Structures are given as C-alpha cells and as structure tokens.
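Take a look at the structure set out below.
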Amino acid sequence: MKDIEHLLRVAVIFLASITVFLVVRAVVKPESYGKIGRYRAEALDDSKALPVRYAGQKECGPCHKAQVKEKAGSSHSGVSCESCHGALAAHVAAPKGAKPAKPAEAEMRRFCLRCHEASVSKPAKFPVQDGTKHNPDMACGMCHKPHAPKI
Ligand code: HEC
Ligand code: HEC
Ligand code: HEC
Ligand code: HEC
C-alpha cells in the first residue's frame, strides 16, 4: 500500500479536476452548442437578426446615373460605390435623411492612398504611387476624377 500511495493521491486530484470540469461545463455550455458543429448554433440567428447596412451597387443606379455610368467605363469599375462612400442602406431608404460620407479635399490623399500607396505586398501591375513624392501638396481629386481616375 505504501508503495502506491503517491499514485493514489495523483489519481484523486485527477478525478476531482475532471468532476469540477464536467460540472462547470454543464453549467456554462450554451444549449445549442454542438447542434451543427463545434459552436453555438444560435449565433447564426443572432447574425441574421443584425440590420443590413449595405445597399449594394444596383441600388444607386436609378438616382445617380451619371456617376454609375462614369465609373462603369473606368478602371474603378471594380470598386463598389459603398467602399468609398460607406454603408448606405439607410441613404437608399431615405436619401434626404442619411447623408453619405464623401471624402473632403483635406482628407482625400489619405483616403486614396489607403488603396494606392506603394507597397511590396501589392501585385506588380497594381497602379501605386509614393504619397510623399506624387504631387504631395495637392488633393488627388484636383487631377484625378474619383469615378474615372485615368488622366
Ligand atoms: C432614391 C434615390 C437615391 C438612391 C437609391 C441613392 N441616392 Fe444618393 N442621393 C440621393 C439624393 C436625393 C441626394 C442628395 C441629398 C441631399 O443633398 O440632401 C444623394 C446624395 C448622395 C451623395 C452625396 C452627394 C454630395 O454632394 O454630398 C452620395 C455620395 C450618394 N448619394 C451616393 C449614393 C450611393 C453610393 C448610392 C447607392 C448605394 C445612392 N447614393 C443611392 C438619392 C439617392
Ligand atoms: C474610388 C472611390 C469612389 C467610388 C468607387 C465612388 N465614389 Fe462617388 N465620390 C468619391 C469622391 C472622392 C467624391 C468627392 C468628389 C469631390 O468632392 O470632388 C465623390 C462624389 C460623389 C457624388 C457627389 C457628386 C459628384 O459627382 O461629385 C456622388 C453623388 C457620388 N460620388 C456617387 C457615387 C456612386 C453612385 C458611386 C458608384 C457608382 C460612386 N460614387 C463611387 C469617391 C468615390
Ligand atoms: C478601395 C480601393 C480604392 C480606392 C479607395 C481608390 N482606388 Fe483607385 N483603383 C483601385 C483599383 C482596384 C484600380 C484598378 C487597378 C487595376 O487596374 O488593376 C484603381 C485604379 C486607379 C488609377 C489608375 C487609372 C488608370 O486607368 O490607369 C488611378 C489613377 C486611381 N485609381 C486613382 C485613385 C484616386 C485619385 C482615388 C481617390 C479618390 C482612388 N484611386 C481610390 C482601387 C481604389
Ligand atoms: C497635380 C496633379 C496630380 C495629383 C494631385 C495627383 N496625381 Fe496621380 N497622376 C497624375 C499624373 C499626371 C499621372 C500620370 C498619368 C499617367 O502617366 O498615366 C498620375 C498617375 C497616377 C497613378 C498611376 C496610374 C497608372 O496608370 O499607373 C496613380 C495610382 C495615381 N496617380 C494616384 C494618385 C493619388 C492616390 C493621388 C493623391 C494622393 C494623386 N494621384 C494625386 C497627376 C496627379
């Protein structure tokens, strides 16, 4: 007996730990955990219940024909309206109520360089500029039209 006493002590600690674990687990485990995978199944309903904040490109057409047309023929055709103007579901529902964001002249350099600042991580063909050297004192919009930027 004396020879295995130290083993018994470890076994008791082990069993006690497992019991504590199982009790705590039973108390804190969300009900829907494990139903469809190793996460809380109700999280999907929670996400679905969030309000939709983006309207989608198609919604802008009827009211902003000029900008849609201008952009469609430019290299910005693949950049969605809302990636520059923000989430606009509220604006589509009530155009006079929720005013979209529009980068002001003072912040335009930072705004455009978010995508166009030179960086080794970008594909070689992506048009980039070194913001400290490319006409540093002027807003990008003075030379490039945001909806059709080619000069
Ligand atoms: C039902 C018509 C309608 C729809 C749909 C609509 N807009 Fe507008 N938008 C307006 C009107 C009207 C104004 C002018 C609001 C004002 O001056 O108070 C405006 C203003 C704007 C402005 C600000 C212009 C400025 O000079 O400040 C931007 C940017 C804009 N819309 C972008 C969008 C985008 C992007 C979409 C698509 C997601 C969109 N709008 C969908 C009617 C619409
Ligand atoms: C690359 C970013 C970018 C994208 C994409 C973009 N816009 Fe703009 N938009 C701007 C900027 C910057 C201005 C402000 C121009 C200025 O004040 O000189 C602007 C201005 C506007 C205005 C105010 C009137 C005008 O022409 O100056 C409207 C309306 C507008 N955008 C609608 C749209 C719609 C609709 C789309 C999608 C078809 C769109 N924009 C896509 C950057 C963008
Ligand atoms: C969300 C990212 C994004 C933002 C913000 C953005 N652009 Fe672009 N821009 C692009 C993409 C994508 C292209 C197309 C690249 C390609 O052809 O591979 C592009 C192309 C261009 C080109 C090349 C035009 C040509 O046809 O050769 C210029 C110049 C340009 N953008 C200027 C601007 C300016 C000025 C602004 C700010 C008003 C701006 N961009 C904001 C993503 C962006
Ligand atoms: C003083 C006018 C001016 C200003 C301000 C300006 N640019 Fe340019 N940009 C040009 C000219 C001119 C070219 C050369 C056009 C060409 O060779 O295709 C050019 C080229 C570019 C190109 C490369 C286009 C390509 O096809 O490779 C990008 C990207 C660009 N500019 C982005 C910007 C951004 C972003 C800003 C603001 C931070 C800005 N520019 C400010 C005049 C300007």
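Both counts, for ligands and for their atoms, begin at 1 and track the order of listing. The structure presented is a predicted model; accordingly, all values stated were derived computationally and were not measured.
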Given [options], identify the one with the heavy atom nearest to [atom].
| atom | options | answer |
| --- | --- | --- |
| atom 37 (C) of ligand 2 | S74, G61, C81, S83 | C81 |
| atom 2 (C) of ligand 4 | A139, C143, G131, P146 | C143 |
| atom 23 (C) of ligand 2 | K102, E107, E105 | K102 |
| atom 7 (N) of ligand 2 | K71, M142, H85 | H85 |

Shortest non-hydrogen contact from [X] toward [Y]:
| X | Y | value |
| --- | --- | --- |
| V68 | G61 | CG2-CA, 3.9 Å |
| S83 | R114 | O-NH2, 3.2 Å |
| Y54 | G86 | CE2-C, 4.5 Å |
| H144 | I151 | CE1-CD1, 3.4 Å |
| L88 | E82 | N-OE2, 2.9 Å |
| E70 | A148 | CG-CB, 3.8 Å |

Distance under 4.0 Å to a non-hydrogen atom of [X]: what atoms of ligand 3 satisfy this?
| X | value |
| --- | --- |
| R114 | 5 (C) |
| C140 | 35 (C) |
| C115 | 1 (C), 2 (C), 3 (C), 4 (C), 5 (C), 43 (C) |
| V79 | 1 (C), 10 (C), 11 (C), 12 (C), 42 (C) |

Any heavy atom of H116 closer to ligand 4 than 4.0 angstrom?
yes

Residue-ligand contact G141/ligand 4, heavy atom below 4.0 Å:
no

So which protein heavy atom does [atom] come closest to, and at what separation?
| atom | value |
| --- | --- |
| atom 41 (C) of ligand 4 | H134 CD2, 3.5 Å |
| atom 16 (C) of ligand 2 | M108 CE, 4.4 Å |
| atom 18 (O) of ligand 4 | K150 NZ, 4.5 Å |
| atom 28 (C) of ligand 4 | Q129 CG, 3.5 Å |
| atom 6 (C) of ligand 2 | H147 CD2, 3.3 Å |
| atom 11 (C) of ligand 4 | I151 CD1, 3.6 Å |
| atom 12 (C) of ligand 3 | F126 CE1, 3.6 Å |
| atom 22 (C) of ligand 3 | P149 CG, 3.8 Å |
| atom 25 (C) of ligand 2 | Q67 NE2, 3.8 Å |
| atom 43 (C) of ligand 4 | N135 ND2, 3.0 Å |

Residue pair E59 / C81, side-chain heavy-atom distance below 4.5 Å
no

Student check: side-chain heavy atoms of P149 and H76 closer than 4.5 Å:
yes

Is S17 reaching over with its side chain to a backbone N or O of I13, donor-acceptor style, under 3.5 angstrom?
yes

Under 4.0 Å from any heavy atom of C60, which atoms of ligand 2 are there?
35 (C)

For P103, take its heavy atoms, then give the atoms of ligand 2 lying under 4.0 Å from any of them.
12 (C)

Applying side chain to side chain contact (heavy atoms under 4.5 Å, CB included) to Q67 and H85, what does each step give before you reach the verdict?
CA-CA 12 Å; Q67 287 83 6; H85 290 296; over 6 Å; no

Can you tell me if an N/O/S atom from H76 lies under 2.8 Å from atom 8 (Fe) of ligand 3?
yes

Option among H116, K150, K122 that satisfies the side-chain contact (heavy atoms from CB on, under 4.5 Å) test with P127
H116

Kindly check if the number of other-residue, nucleotide or ligand heavy atoms within 6.0 Å of CZ (F14) is above 12?
no

Within 6.0 angstrom of E31 CD, more than 12 heavy atoms from elsewhere:
no

Look at the aromatic rings of H91 and H64 and report parallel, tilted or perpendicular, splitting at 30° and 60°.
parallel

To the nearest 0.5 Å, how far apart are [atom1] in [X] and [atom2] in [Y]?
| X | Y | atom1 | atom2 | answer |
| --- | --- | --- | --- | --- |
| T132 | R109 | OG1 | CZ | 9.0 Å |
| C84 | K71 | SG | NZ | 8.5 Å |
| E42 | K35 | CD | NZ | 6.5 Å |

Output yes when the distance from some N or O of ligand 4 to some N or O of R109 is under 3.5 Å, and no in every other case.
no

Does the protein put a heavy atom less than 4.0 Å from atom 31 (N) of ligand 4?
yes

Heavy-atom protein contact below 4.0 Å for atom 14 (C) of ligand 4
no

Answer with yes or no whether S80 contacts ligand 2, where contact means a heavy atom under 4.0 Å from a ligand atom.
yes

Counting backbone and side-chain atoms alike, does C84 have an N/O/S atom under 2.8 Å from atom 8 (Fe) of ligand 2?
no

Has K125 got any heavy atom lying under 4.0 angstrom from an atom of ligand 3?
no

At the 4.0 Å heavy-atom cut-off, does P127 count as touching ligand 3?
yes

Would you say ligand 2 has an N or O under 3.5 Å from any N or O of H64?
no

N or O contact, S75 vs ligand 3, cut-off under 3.5 Å:
yes

Which one holds for C112 and ligand 3: side chain close, backbone close, both close, or neither close, with close meaning a heavy atom under 4.0 Å?
both

Derivation and outcome, side chain to side chain contact (heavy atoms under 4.5 Å, CB included), residues V128 and S119
CA-CA 8 Å; V128 291; S119 152; over 6 Å; no

Connected via hydrophobic side-chain network under 4.5 Å: I18 and V10
no

